[in-house]
Engineer: 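Please find one structure pasted underneath; my questions will follow.
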Amino acid sequence: VLLMNYPVENHARGATDSSKVTHERQLLQSGNTHGTTHGTPEHSLNEIYLFDTQTLRFEYVNPVAQRNLGYHMATLRLMTPLDLEPTYNEKSFRGMLKSLLCGEKDVVIFEASLSRADGTRYPVEFYMQLFTQQGGHAAFLAIGRDITIRQRAEIALREREEWFHT
């Protein structure tokens, strides 16, 4: 996914995907999204989202993301990325997805501030790709990482730098 407040980086077609995105994608392509062995998407430390290219509805959200968001899969199947990042509108979001659909880009990297079921928000960095599932069905694959700790460290560093320079 998912939803973006501002782009961090976009990789042009032909650029090397990060190893974590490639690994997660390979696990999903195996068709086992309900695996029981260590190393499957069910046990990933990353948040993993698959959503439909037309409706944008979630088809799969791994347990890490479900726990962090506070939603069960049954509820998430009725939702889209826009429900989790309400500051982003559908037209702009689909505009970002278009670069993946037309093959202009292999991956789009962006940050989002997702809304949990309890109303709190948390920052996530996403790597999003177009993903072809078994049977040829295309979906968007978004692999996210909660960056709360990183953002807190960046703020603390800026505050120390400001204090040092005053």
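Keep in mind the model is a prediction, meaning the values are calculated, not measured.
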Engineer: Which atom pair, heavy atoms only, marks the closest approach of A139 to L50?
Structural biologist: CB-CD2, 4.2 Å
Engineer: Do V64 and L45 have side-chain heavy atoms sitting under 4.5 Å apart?
Structural biologist: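 Side chain of V64 against side chain of L45, heavy atoms only: no contact under 4.5 Å found.
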Engineer: For R57 and T80, which I'm curious about, is there any donor-acceptor pair between the side chains at under 3.5 Å?
Structural biologist: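 No, T80 and R57 have no side-chain donor paired with an acceptor closer than 3.5 Å.
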Engineer: Please give me the minimum heavy-atom distance between G70 and A117, naming the atom from each residue.
Structural biologist: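 Where G70 meets A117 most closely, the heavy atoms are O-CB, 3.4 Å.
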Engineer: Between L84 and M79, does the side chain to side chain contact (heavy atoms under 4.5 Å, CB included) criterion hold? Intermediate values first, please.
Structural biologist: CA-CA 8 Å; L84 301 178; M79 299 173 75; 3.7 Å; yes
Engineer: Using the side-chain contact (heavy atoms from CB on, under 4.5 Å) criterion, which residues pair with T53? Sequence neighbours excluded.
Structural biologist: L101, L130, A138, F140
Engineer: Under 3.5 Å, is there a donor-acceptor pair between the side chain of N62 and the main chain of I48?
Structural biologist: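 Answer holds: yes.
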Engineer: Could you tell me the separation between the CG atom of L82 and the OG1 atom of T87, rounded to the nearest 0.5 Å?
Structural biologist: 9.5 Å
Engineer: Can you tell if the side chain of E59 reaches within under 4.5 Å of the side chain of D52, non-hydrogen atoms only?
Structural biologist: yes
Engineer: When you check the side-chain N and O atoms of Q129 and Y127, is any donor under 3.5 Å from an acceptor?
Structural biologist: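 Side-chain D/A pair, Q129 to Y127: absent.
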Engineer: Does atom NE2 of H137 have more than 12 heavy-atom neighbours, drawn from other residues, nucleotides or ligands, at distances under 6.0 Å?
Structural biologist: yes
Engineer: Could you go step by step and tell me if V61 and E47 meet the side chain to side chain contact (heavy atoms under 4.5 Å, CB included) rule?
Structural biologist: CA-CA 8 Å; V61 177; E47 295 184 7; over 6 Å; no
Engineer: To the nearest 0.5 Å, what is the distance between CG (L76) and CZ (F51)?
Structural biologist: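 It is 13.0 Å, given to the nearest 0.5 Å.
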Engineer: Should the pair R145-E111 be classified as a salt bridge under the 4.0 Å nitrogen-to-oxygen rule?
Structural biologist: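 Salt bridge between R145 and E111, a charged N being under 4.0 Å from a carboxylate O: no.
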Engineer: Could you give the distance from NZ (K105) to CG (L100), rounded to the nearest 0.5 Å?
Structural biologist: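 K105 NZ to L100 CG: 8.0 Å, rounded to 0.5 Å.
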Engineer: Working note: D146 + E125, criterion side chain to side chain contact (heavy atoms under 4.5 Å, CB included); need CA distance, chi angles, decisive distance, verdict.
Structural biologist: CA-CA 7 Å; D146 185 332; E125 179 181 62; over 6 Å; no
Engineer: Considering all heavy atoms of both residues, which atom of M73 and which atom of Q66 are nearest to each other, and what is their separation?
Structural biologist: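 Result for this residue pair: N-OE1, 3.4 Å.
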Engineer: Side chain to side chain contact (heavy atoms under 4.5 Å, CB included), that's the test. Do F126 and I143 meet it? Break it down for me.
Structural biologist: CA-CA 5 Å; F126 282 103; I143 298 175; over 6 Å; no
Engineer: Within the side chain of S99, is there an N or O that forms a donor-acceptor pair under 3.5 Å with the backbone of M96?
Structural biologist: yes
Engineer: Stepwise, does the salt bridge (Lys or Arg N to Asp or Glu O under 4.0 Å) test hold for E85 with R121?
Structural biologist: CA-CA 9 Å; E85 176 48 288; R121 297 177 70 87; 3.0 Å; yes
Engineer: Can you tell me how far the CG atom of D83 sits from the OH atom of Y71, to the nearest 0.5 Å?
Structural biologist: 8.0 Å
Engineer: Can you find a heavy atom in the side chain of Y49 that is under 4.5 Å from one in the side chain of F58?
Structural biologist: yes
Engineer: Using the side-chain contact (heavy atoms from CB on, under 4.5 Å) criterion, which residues pair with R94? Sequence neighbours excluded.
Structural biologist: L56, E90
